[in-house]
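Everything on this sheet refers to the single structure shown next.
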Amino acid sequence: MIENVTCLAGGVGAAKLLQGLINVMPQENLTVIVNVGDDIELHGLHISPDPDIIMYTLASIVDEEKGWGIQGDTFNFVSMLKQYGLETWFKLGDKDLATHVYRTCLIKEGVPLSGVIQRLCRALGLKVNLLPVTNQKIVPQILTNTGKMHFEEYLVKRGARDRVLDVTFEGAELARPAPGVIKSIQDADGIIVCPSNPIVSIGPILAVKEVRSALTETSAKVVAISPIVGGSTIKGPADKLMRGLGLDVSAFSVASLYRDFLDTFILDNIDEKMKENIAKLGIEPIATDTIMKSLQDKVNLATRTLQALL
Ligand code: FO1
């Protein structure tokens, strides 16, 4: 019987699966370990994209079309910043701004990121247990042909146009798992690696001390869903990052990255032919429809994933 489920999650792709999961299981039994490697300080504010995307999505206030930010939000703040000649490449909506201001105030008062996320979740009526993988900084540095930069600068400011040469995680050695993270892996009846960017979303989570070993040691089944379908990403730059690191851009390549702790890998029907090679890694392959457009798609994939945990 699968009661307590722990997920490893990044941003948009993970949020869609989680939306399906909370429709088929109690939120109280769902723990989400979320990437904080996209976090960035802009305009003196602590911005935390992946936790915010998950919270807004589960609270049904996310801008569905973009996958981030708050639906119907206005952008008066950034247009006034522009008038002052400040950089506005990262579009902060006016309602979204409240989240960054509140988070920054709490952090200034000494509240750890885990406490901030807990307060935001409760205020948004969420019962899911959302944990940052660490309360410290772990910042992916994208080394490109034009220099080293923050992931958001690479993706948003420069439109992922630079050639990726390497990705490193600044602060990984010192980053400790946030309270409850390791325990949520050890106590889980099942673990899901969401369809997120394996390099800069799941990568930073796995880079935090003890997380990877907890995943290899747990008796619970670990199931991942491929973020790569038919050799490309649904959204985001995972394909460019993988190619830059000399990795094949394929479902098989993602399964190989997780092979030391993975039991089952869910890939899209379009990649059915990869099942045999994935099985040779000692991982059970499951082919299904993994494209999540409608809520029903999300519920179907969530249901299929929970079945795979049995
Ligand atoms: N992505 C963009 O492509 N452009 C933006 O202006 C932008 C603003 C933004 C503001 C808040 C937030 O939580 C996310 C935002 N994102 C934006 C998404 C973000 O860059 C990435 O999608 C995630 O970091 C990937 O997980």
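FYI, the numbering just counts along the sequence from 1. Order of appearance sets the numbers: ligands from 1, and atoms from 1 within every ligand. FYI, side chains are in, hydrogens and waters are out, and symmetry mates aren't considered; it's all heavy atoms of this structure.
Backbone and side-chain nitrogen or oxygen atoms of Asp96 are examined, and none is located within less than 3.5 angstrom of a nitrogen or oxygen of ligand 1.
Among all protein heavy atoms, the one lying closest to atom 20 (O) of ligand 1 is Glu152 OE1, 2.7 Å. In terms of protein heavy atoms, atom 10 (C) of ligand 1 is closest to Phe90 CE2, 3.3 Å. With hydrogens left out, the protein atom closest to atom 6 (O) of ligand 1 is Lys91 N, 2.9 Å, a heavy atom. In terms of protein heavy atoms, atom 26 (O) of ligand 1 is closest to Asp50 OD1, 2.6 Å. The shortest contact between atom 4 (N) of ligand 1 and any protein heavy atom is with Val156 CG1, 3.4 Å. Closest protein heavy atom to atom 13 (O) of ligand 1: Pro49 CA, 3.3 Å.
For atom 14 (C) of ligand 1, the choice among Trp89, Phe75, Trp68 with the nearest heavy atom turns out to be Trp68. Residue nearest to atom 25 (C) of ligand 1, selected from Ile70, Val34, Asp38: Asp38 (by heavy-atom distance).
There is a side-chain donor-acceptor pair under 3.5 Å between Ser294 and Asp297. Of the N and O atoms on the side chains of Thr134 and Gln136, at least one donor lies less than 3.5 Å from an acceptor on the other residue.
Residues Arg158 and Asp162 are paired through a salt bridge, judged by an N-O separation under 4.0 Å between the basic side chain and the carboxylate. In this structure, Glu87 does not pair ionically with Lys82, as no charged nitrogen and carboxylate oxygen lie closer than 4.0 Å.
The same ILVMFWY cluster, assembled from side-chain heavy atoms under 4.5 Å apart, contains both Ile70 and Leu124.
Counting Ile, Leu, Val, Met, Phe, Trp and Tyr side chains that sit under 4.5 Å apart, directly or through other members, Val229 shares a hydrophobic cluster with Ile234, Ile270, Ile291.
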Please walk me through it: do Glu272 and Lys275 pass salt bridge (Lys or Arg N to Asp or Glu O under 4.0 Å)?
CA-CA 6 Å; Glu272 171 105 32; Lys275 284 175 72 174; 3.7 Å; yes

